[in-house]
Trainee: 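Structure incoming, see below.
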Amino acid sequence: MPDSTPLQSQYAAQIQSDLDSNVAEREQIAGQISSLQEQLSVLENNHALLASMQQAIGPASAAPAKGSTKGSTKAAKKTAGGAAPRIPQARTAAKSAGRATKKQAKPAVKAKASGNTPTLRDLVANHLAQSGEPRSAAEITAGLTDAHPQRNIAGTVVRNTLENLVAKGQAQRTRQNRSVFYTAPDATGATTAKESADGDVKKGADAVTPATTG
């Protein structure tokens with residue numbers, strides 16, 4: 001019976017890790033769906049604008065019927081006189097307006113797409129990379145809450161996300177007494193390298209002796 005407790009803990013940790021991954025993926029897909037919906041809304045607005053412009057131009061911009069003869073076309077041109085060239089101008093204006101509308105809509109779509117809400121996993125990973133020192137789950141939760149007050153960030157979710165990052169090698173976990181601290185993968189290596197370099201410099205300085213003059 002005592003051996004079953006660690007096994008249950010491992011299963012519980014694995015299930016929690018999979019659950020956190022599922023939540024993170026759902027948030028990412030929800031952000032993509034929101035971006036696609038915004039793009040669809042822009043396209044629908046452009047379609048409505050082009051349709052209203054087409055109605056304003058009227059049936060004169062439509063292509064002539066197949067049954068019309070060359071003689072009737074020439075007669076219509078002679079009768080209309082200077083009015084005939086206005087039709088191509090109207091078409092050109094409609095095309096130019098449509099292109100301008102599409103050009104204006106594309107930057108707006110890109111701006112909205114680039115403003116997707118980052119996932120909690122991204123926020124936690126970025127926080128660890130920027131801090132550069134071991135942080136507890138409570139400290140990370142407080143930092144994220146201050147930086148993103150519009151989001152409801154729970155400490156348990158942050159802790160589970162950290163454990164998920166550790167399981168995937170995207171974060172490191174250390175224990176000090178009864179406290180658990182987390183760091184980015186490169187942060188610990190950089191601190192160790194710095195301490196080693198400082199030790200080498202100190203050893204070199206101790207080895208140099210000042211020269212004495214007789």
Side-chain angles (χ1 to χ4, degrees), residues 18-131 140-154 157-158 160-162 164-165 168 170-171 184:
D18 294 340
L19 182 61
D20 295 337
S21 299
N22 181 275
V23 172
E25 291 176 359
R26 285 173 55 195
E27 292 178 354
Q28 183 178 3
I29 293 175
Q32 294 176 355
I33 292 175
S34 177
S35 175
L36 292 175
Q37 288 177 345
E38 292 174 352
Q39 295 181 21
L40 178 61
S41 176
V42 172
L43 291 175
E44 289 177 350
N45 292 336
N46 292 342
H47 180 272
L49 177 62
L50 293 173
S52 62
M53 293 178 64
Q54 186 180 34
Q55 292 179 357
I57 293 172
S61 61
K66 295 182 179 180
S68 60
T69 60
K70 295 182 179 180
S72 61
T73 303
K74 293 180 180 180
K77 289 182 178 180
K78 291 180 180 180
T79 304
R86 295 180 182 176
I87 297 176
Q89 292 178 358
R91 292 179 180 176
T92 303
K95 291 181 179 180
S96 300
R99 291 175 183 174
T101 303
K102 291 180 179 180
K103 289 181 179 179
Q104 293 176 357
K106 287 181 179 180
V109 173
K110 290 182 179 179
K112 291 180 180 180
S114 61
N116 290 338
T117 303
T119 62
L120 182 60
R121 180 194 298 268
D122 296 334
L123 294 178
V124 172
N126 292 335
H127 186 83
L128 289 177
Q130 294 175 2
S131 62
I140 295 173
T141 303
L144 293 178
T145 302
D146 294 339
H148 306 278
Q150 73 281 4
R151 299 186 61 163
N152 185 14
I153 300 176
V157 180
V158 172
N160 293 334
T161 303
L162 288 167
N164 192 8
L165 292 173
K168 295 186 176 182
Q170 299 176 359

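In this text the structure is predicted, and so the values were computed from the model without any measurement.
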Trainee: Sequence neighbours excluded and cut-off under 3.5 Å, please list the side-chain donor-acceptor pairs for residues 122-130, or say none.
Mentor:
unit_1	atom_1	unit_2	atom_2	d
D122	OD2	T119	OG1	3.0
N126	ND2	D122	O	3.1

Trainee: Once you round to the nearest 0.5 Å, how far does CG of N164 lie from CG of D20?
Mentor: 5.5 Å
Trainee: According to side-chain contact (heavy atoms from CB on, under 4.5 Å), who are the partners of I33, at least two apart in sequence or on a separate chain?
Mentor: I29, Q37
Trainee: Within a strict 4.5 Å, meaning less than it, do heavy atoms of the R26 and N22 side chains meet?
Mentor: yes
Trainee: Does a side-chain heavy-atom distance below 4.5 Å link R121 with Q170?
Mentor: yes
Trainee: How long is the span from the OG atom in S52 to the CD1 atom in I57, to the nearest 0.5 Å?
Mentor: 9.5 Å
Trainee: For E38 and V42, run side-chain contact (heavy atoms from CB on, under 4.5 Å): C-alpha distance rounded to whole Å, both residues' side-chain angles, the deciding distance at 0.1 Å, then the answer.
Mentor: CA-CA 6 Å; E38 292 174 352; V42 172; 5.8 Å; no
Trainee: Please tabulate, one pair per line, all N/O donor-acceptor pairs under 3.5 Å involving side-chain atoms of residues 140-152, not counting sequence neighbours.
Mentor:
unit_1	atom_1	unit_2	atom_2	d
T141	OG1	A137	O	2.8
T145	OG1	T141	O	2.7
R151	NH1	P118	O	2.6

